[in-house]
There are 2 protein chains.
Amino acid sequence: MRKDSRLSRMLHVLVHMHHLEQAVTSDNIAIMLGTNPVVVRRTMSLLREQGYVNAVKGHGGGWTLAKPLHCITLLDIHRSLSEASLFTIGLTDEHTNCPIEKAVNLAIDDVLHEAGQLVLRRFAEVTLDKLAVEYTAKLS
Amino acid sequence: MRKDSRLSRMLHVLVHMHHLEQAVTSDNIAIMLGTNPVVVRRTMSLLREQGYVNAVKGHGGGWTLAKPLHCITLLDIHRSLSEASLFTIGLTDEHTNCPIEKAVNLAIDDVLHEAGQLVLRRFAEVTLDKLAVEYTAKLS
DNA sequence: AACTCATGTAACATAAAAAGTTTCTTAAAA
DNA sequence: TTTTAAGAAACTTTTTATGTTACATGAGTT
């Protein structure tokens, strides 16, 4: 099953942006990620819509952080990128009146919902400045 | 992102098989699930390999339960069907020497691993006979 | 023995979605 | 006015689960 690595990639980019302290172009980010500038714009614009980055056109333009890293959590970025389910497991809805299907779906959903809540709670606890610590520690 | 609903579907089938108490053909299961008999064989054979169902060829043949429902857990079926990750979120491995990528991946993986363990633990607690209760309750 | 029914398996086709690409527009700075 | 960069639309490619076809194998029936 295909995986969505946009969260990992965008976090990576955001922390690098913090250290650069100047605008980065989509082209540069694309090279860094081994992808395409249009794909970068598509993804970064989701973060822009939520107010985590700014985009500036023209000479010297590009992407900058709109908030300090300690004001952004993993959950913020995760939510900006995807409203889709965290899980690769899906339920069925073909026999909605079948009590067996209902029982099966309830049992699975109960567990996935609890685990999903755990993930969101934990993502909310991690601010991006924590991810930068190891890096800055290495520099000093 | 595409979802794998085989767990839900196979649980549904197994509980029905328990109530039928006779062999069910791949063709019948395919009709029930709105899919193809070859797809059914592919999926059911994963359960056969792990000893949860039997397959019998020829007249009157088909699929039967190899164990009572109270000896099969959600985890058993889940494991039989997939060794793939539970999560739609993936990590990156393009800059394995980059401390930022490392920190990002560690942070995400820490959370997903804990949530994954929770799911497996909870799946292990649910035996399939519990899923049949609601149904039998309705019959009596 | 011949026939029918059912699984086993391989090879191929289809479908859906994410990712990549091309092309053009818009805006800002040099 | 030219260059640089994002915004956006339309299209192509790639990937992968699912579906399909065709044939082999084996078990029970006639």
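Residue numbers start from 1 in every chain, and the chains themselves are labelled A, B, ... in the order their sequence lines are given, proteins ahead of strands.
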**Item:** By ring-ring contact (aromatic ring centres under 6.0 Å, His included) - contacts of Phe123(B) (at least two apart)
**Value:** His78(B)
**Prompt:** Of all the nucleotides listed (dT21(C), dT20(D), dT18(D)), which has the minimum atom distance to the side chain of Val38(A)?
**Reply:** dT21(C)
**Prompt:** Taking the side chain of Thr25(A) as its heavy atoms from C-beta onward, which of dA22(D), dA8(D), dA5(D) lies nearest to it?
**Reply:** dA5(D)
Can you check the [X] [atom1] to [N] [atom2] distance for me, whole Å?
X        : N       : atom1 : atom2 : value
Leu81(B) : dT18(D) : CG    : C1'   : 15 Å
Asn54(A) : dG7(D)  : CG    : P     : 11 Å
Lys57(A) : dA27(C) : NZ    : P     : 5 Å
Arg41(A) : dA8(D)  : CZ    : P     : 11 Å

**Asked** Does a distance-only test, which skips hydrogens and angles, find a donor-acceptor pair under 3.5 Å between the side chain of Arg42(A) and the base of dG20(C)?
**Response** yes
**Quiz item: His59(B) side-chain donor-acceptor pair to dT29(D) base, under 3.5 Å** = no
**Message:** Roughly what angle, to 10°, lies between the helix axis at the start of the helix from dA1(C)-dT30(D) to dA30(C)-dT1(D) and the one at its end, five pairs per end?
**Reply:** 10°
**Message:** Is a donor from one side chain sitting under 3.5 angstrom from an acceptor on the other, for Thr25(A) and Trp63(A)?
**Reply:** no
**Asked** Does the side chain of Thr73(A) come under 3.5 Å of the side chain of Glu125(A) through a donor N or O and an acceptor N or O?
**Response** no
**Any Ser26(B) side-chain nitrogen or oxygen under 4.0 Å from OP1 or OP2 of dT7(C)** = yes
**Request:** Select base, sugar-phosphate, or nothing to describe what Thr35(B) touches, counting heavy atoms under 4.0 Å on all strands.
**Result:** sugar-phosphate
**Message:** Taking any heavy-atom pair under 4.0 Å as a contact, classify Gly60(A): base, sugar-phosphate, or nothing.
**Reply:** nothing
**NZ/NE/NH1/NH2 to OD/OE distance under 4.0 Å, Asp110(A) and Arg122(B)** = yes
**Message:** When you compare the side chain of His19(A) with that of Ile100(B), does any pair of heavy atoms fall below 4.5 Å?
**Reply:** yes
**Side chain to side chain, Leu128(B) and Leu74(B), heavy atoms closer than 4.5 Å** = yes
